[in-house]
Amino acid sequence: MKIATWNVNSLSVRLPQVLDWLHAQSPDVLALQETKLTDDRFPHADLLAAGYHSVWLGQPTYNGVALLSREPAQQVQRGIPGLDDPQARVIAATFGEIRVIGAYFPNGQAPGSDKFAYKMQWLDALQAWLAKELAQDAKVALVGDFNIAPEDRDVYDPVAWEGQIHCTPEERAHFRSLLDLGMFDAFRAFEQPPKSWSWWDYRNLAFRKNQGLRIDHILLSESLRASLRQCFIDKAPRKNERPSDHAPVVAELET
DNA sequence: ATGACATTGGTACAATGA
């Protein structure tokens, strides 16, 4: 079971790259963020022709999430239950024994802003829901664009980024709280190359200089630890002529 | 340097991202 996540920054622009990548990596489940599509424009027929079922939650212009899968999704949940959120950020479904939650965490803009307050509220709601999901389903994967760099080693210039958005103590405390519910960071379960990022700014030749952040994550419930075989960031799609600013993260589980 | 670059909606440039 190969589970992946990728912020594509517009699925209409990136669809050819997504189709290429599905062919190259053959994930069983791929969570997408920032589809930036209304539900009526979701390219489900193209994806089905490539061998993937889709479930999605969209809105005009911003946000938008989807789960693509070899097998059809079961028990689909759109949005965080009980959270009245006009922003399309969450879609969850069950694949075999595994509950997969695909999420596009709020950016938060800057500490002290209204958007930061929204991010904190949203994180509270996610945490409460994840606790319930873990009580119901033994095997849970929380994947997506977290917009949180959990530690200084996840930041190309931790001094410059200290206290900045994605790196604030409040965001990092929320990340640890998710782990404390009984999850672990699949990427950090293995030795990884230093300076591993999942996002590079479009500006300033950041990708060429490898100046980035690791903000896209795959968290797995402890019940899945023994079956995790590998976890990696695939930088290949970031080398495209017209790439997303994010690279996919992949976790491979036995069976 | 409220900058750079990319995307959407709409057809000029503001909002948003991270």
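Below, all heavy atoms of this structure are taken into account, side chains as well, without hydrogens, waters or symmetry copies. All chains are named by letter (A, B, ...) in the order of the sequence lines, taking the proteins before the strands, and each is independently numbered beginning at 1.
- At dA4(B), none of the side-chain N or O atoms of N204(A) fall inside 4.0 Å of OP1 or OP2 (strictly under the cut-off).
- Remark: the S196(A) side chain and the R214(A) side chain contain no N/O donor-acceptor pair separated by less than 3.5 Å.
- Side-chain contact between H217(A) and P150(A) is present, with at least one heavy-atom pair separated by less than 4.5 Å.
- Nucleotide dT7(B) holds its P atom 13 Å from the CG atom of L11(A), rounded to whole Å.
- Contact check, H246(A) against dA18(B): a side-chain N or O comes under 4.0 Å of OP1 or OP2.
- Look at CZ on F105(A): it is 13 Å from P on dA18(B), rounded to the nearest Å.
- The CG-P distance, from D114(A) to dT16(B), rounds to 11 Å in whole Å.
- Backbone-only engagement by E34(A) is indicated by non-hydrogen atom pairs under 4.0 Å involving sugar-phosphate atoms exclusively.
- Taking only side-chain nitrogens and oxygens, R41(A) comes nearer than 4.0 Å to OP1 or OP2 of dG9(B).
- In this structure, Y156(A) and W161(A) have perpendicular ring planes: the angle between them is above 60°, well past the 30° mark.
- Close to dA6(B), at under 4.0 Å from its OP1 or OP2, lies no side-chain N or O of R14(A).
- Atom-to-atom, OH of Y62(A) to C1' of dT16(B) comes out at 5 Å; the value is rounded to the nearest Å.
- For dT8(B), one of the phosphate oxygens OP1 or OP2 lies less than 4.0 angstrom from a side-chain nitrogen or oxygen of S12(A).
- Residue N107(A) is in base contact, counting any heavy-atom pair closer than 4.0 Å across all strands shown.
- Rounding to whole angstrom units, OH of residue Y202(A) and P of dC5(B) are separated by 13 Å.
- Rounded to an integer number of Å, the gap from CH2 of W199(A) to C1' of dA6(B) is 12 Å.
- For dT8(B), the OP1/OP2 oxygens have a side-chain nitrogen or oxygen of S10(A) closer than 4.0 Å.
- For the P atom pair drawn from dC13(B) and dA1(B), the interatomic distance equals 26 Å after rounding to whole Å.
- Heavy-atom nearest nucleotides on DNA chain B were determined for P106(A) and for P60(A), and the one closer to the 5' end corresponds to P60(A).
- Between the side chains of N210(A) and W197(A), at least one donor N or O sits under 3.5 Å from an acceptor N or O.
- Side-chain N/O atoms of S221(A) and R99(A) include no donor and acceptor closer than 3.5 Å.
- Of the candidates dA6(B), dA18(B), dT8(B), the closest approach to any side-chain atom of I215(A) belongs to dA18(B).
- In this structure, of dG9(B), dT7(B), dA18(B), it is dT7(B) that holds the atom nearest to the side chain of R242(A).
- In this entry the distance linking OH of Y104(A) with C1' of dA18(B) reads 8 Å, nearest Å.
- Contact between the side-chain N/O atoms of N63(A) and the OP1/OP2 oxygens of dT16(B) is not found at any separation under 4.0 Å.
- A donor-acceptor contact closer than 3.5 angstrom links the side chains of N7(A) and E34(A).
- Atom CD of Q59(A) and atom P of dG9(B) are 11 Å apart (whole Å).
- Counting any heavy atom pair closer than 4.0 Å across all strands shown, D145(A) reaches sugar-phosphate atoms only and no base atom.
- Residue order along DNA chain B, read from the 5' end via each residue's closest nucleotide, puts T38(A) first among D201(A) and T38(A).
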